[in-house]
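Excluded from the calculations below are hydrogen atoms, water molecules and symmetry mates; all remaining heavy atoms, backbone and side chain alike, are included.
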Amino acid sequence: MSYHEEDNNAGKILLAALAGAGAGIIAGMLLAPDKGSATRENWKGVASKYSGQLGEQASKLGTDLEAKFKEYAGKLEDLGVTLPGSSLKMKGNWDDIKGKLKQQYAQLTDEDLTYAEGKGDELVGKLQDKLGKGKAEITKMLNDM
């Protein structure tokens, strides 16, 4: 078989594939049970349903990954692989800790010491700005309290 014959066969195969795809599209349009607008609305409904489910699953996966990451970070810290104080572990009553911090650092306000579960990085950032200390130092200080 020569090069010219192989090239010709590839062209025939491509032409047959395009003809088959075109015939399938035309048959689908002619045999569709609904009008185009109704079909598009059906597809929108299905897409919305599955996008909502996908969003929920992605959110759950993100929460699970965050929990695993924190768990592994704690294990690394316990093993001495990372420095102590590299992750925030709030224990005890926050109001008691807040009172101790206010006694120790008079420049801190209630706004500076606002803490919400899962927002430890924001608290550490505020304290870094107010106290002029590094993240590890602030985190260690909070964990020790």
- Show the numbers, then the answer: is there a side chain to side chain contact (heavy atoms under 4.5 Å, CB included) between Leu131 and Met141? CA-CA 12 Å; Leu131 302 178; Met141 176 184 69; 4.1 Å; yes
- By side-chain contact (heavy atoms from CB on, under 4.5 Å), Lys100 pairs with (sequence neighbours left out) Met145
- Message: Just so I know, are the side chains of Leu108 and Lys126 near enough to count as touching, which here means a heavy-atom distance under 4.5 Å?
- Response: no
- Mind checking who shares a hydrophobic cluster with Leu65, ILVMFWY linked at side-chain heavy-atom distances under 4.5 Å? Leu61
- Query: With sequence neighbours excluded, what pairs up with Gln53 under the side-chain contact (heavy atoms from CB on, under 4.5 Å) test?
  - Reply: Lys49, Tyr50
- Task: Ignoring hydrogens and angles, tell me if any N or O in the side chain of Lys130 forms a donor-acceptor pair with the backbone of Thr109 under 3.5 Å.
- Result: no
- Excluding sequence neighbours, so at least two apart, what forms side-chain contact (heavy atoms from CB on, under 4.5 Å) with Glu71? Lys68, Lys75
- Note on the structure: Hits for side-chain hydrogen bond (donor to acceptor under 3.5 Å, both in side chains) against Asp129, two or more places apart or cross-chain, chain-then-number order -> none
- Distance (rounded to the nearest 0.5 Å) between Leu101 CG and Gln107 CD: 10.5 Å
- Can you see which heavy atom on Gln128 is nearest to which on Lys133, and at what distance? CG-O, 3.3 Å
- With sequence neighbours left out, what residues match Glu56 under side-chain contact (heavy atoms from CB on, under 4.5 Å)? none
- Message: Has Ser59 got a side-chain atom pairing as donor or acceptor with Gly55's backbone, closer than 3.5 angstrom?
- Response: no
- Item | Phe69, CZ atom: more than 12 neighbouring heavy atoms under 6.0 Å | no
